[in-house]
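If you're wondering where the values come from, they're calculated on a predicted model, not measured in any experiment. Residue indices begin at 1 and follow the sequence shown. Side-chain atoms are counted along with the backbone in the values below, which use heavy atoms only and exclude waters and symmetry mates. Each ligand, and each atom within it, is numbered from 1 in the order the structure gives.
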Amino acid sequence: MGKNRDLADTKTSKFLSYILRHQPESIGLTLDSEGWADIGVLIKCAARHGKQLNWALIENIVETNDKKRFALSVDQLRIRAVQGHSTQRVDIRYQEKTPPDTLYHGTATRFLDSIFKQGLAAGTRHYVHLSADKTTATKVGARHGKVIILKIDARLMNEQGFKFHQADNGVWLTKTVPVKYISIISHL
Ligand code: HQG
């Protein structure tokens, strides 16, 4: 039962990530510019597209999600993804925050040539995602292939005018990382 429940939660979490970060219109849902969706409307739109959700399920996923990917509004009536968006409808006004001296980015070795030519780019997402610790960076990179960890001189970047933000789940965000701030720290 525990295992089936975990599997079902993972599927629902993936569905919510897809809808709340990337394609809300695929179920006829509208997000506001801060990424919020009305939960009642979300449940109705999802049902119309064959995905059964309910309040308890959604609240449970927000609470138990391994990476704290989602948040509820103070009145508990709305939900949003805290980072990772690609939909142009959303433009969360993250506060600026001074980063730690060093941040990490896990990627796959096959991207290195391009990264060392162009720097780290956000691609389809709104930001480059960085981690404060190497363990997280390793997990992020492993999703793409043979992992390599890049060290980012966040202090120097920040001193030189690049803005940093931190999502509610701890992920660090910045628009781009030019090559001169990137070094390789390990071959795994
Ligand atoms: C790479 C997950 C070629 C970049 C994670 C990465 C994260 C370049 C890939 C969040 C490049 C993009 C984001 C360049 C960057 N040339 N490749 N110039 N610049 N890349 O998935 O950072 O589980 O969009 O290194 O935990 O891997 O979804 O970004 O390998 O927080 O909640 O292009 O997604 O969170 O891949 O992961 P992604 P990411 P969730």
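- Asp75 and Ser73 form a side-chain donor-acceptor contact under 3.5 Å, judged by distance and modelled atom types alone.
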Which donor-acceptor pairs under 3.5 Å do the side chains of residues 11-18 make with protein atoms, sequence neighbours left out?
residue: Thr12; atom: OG1; partner: Ala8; partner atom: O; Å: 3.0
residue: Ser13; atom: OG; partner: Asn65; partner atom: ND2; Å: 3.1
residue: Ser17; atom: OG; partner: Ser13; partner atom: O; Å: 3.2

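- If you look at ligand 1, the protein residues with a non-hydrogen atom under 4.0 Å away are Arg21, Lys67, Arg69, His105, Thr107, Phe111, Ser114, Ile115, Gln118, Gly119, Leu120, Ala121, Arg125, His129, Val140, Arg143, His144.
- The distance from the CG atom of Leu31 to the CD atom of Glu25 is 8.5 Å, given to the nearest 0.5 Å.
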Tell me, with the steps shown, if His129 and Gln83 meet side-chain hydrogen bond (donor to acceptor under 3.5 Å, both in side chains). CA-CA 9 Å; His129 290 219; Gln83 39 76 216; 3.3 Å; yes
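- A distance of 10.5 Å separates CD of Glu159 from OG1 of Thr98, quoted to the nearest 0.5 Å.
- Side-chain contact check for Thr87 and His22: no donor-acceptor pair (N or O, by modelled atom type) lies under 3.5 Å.
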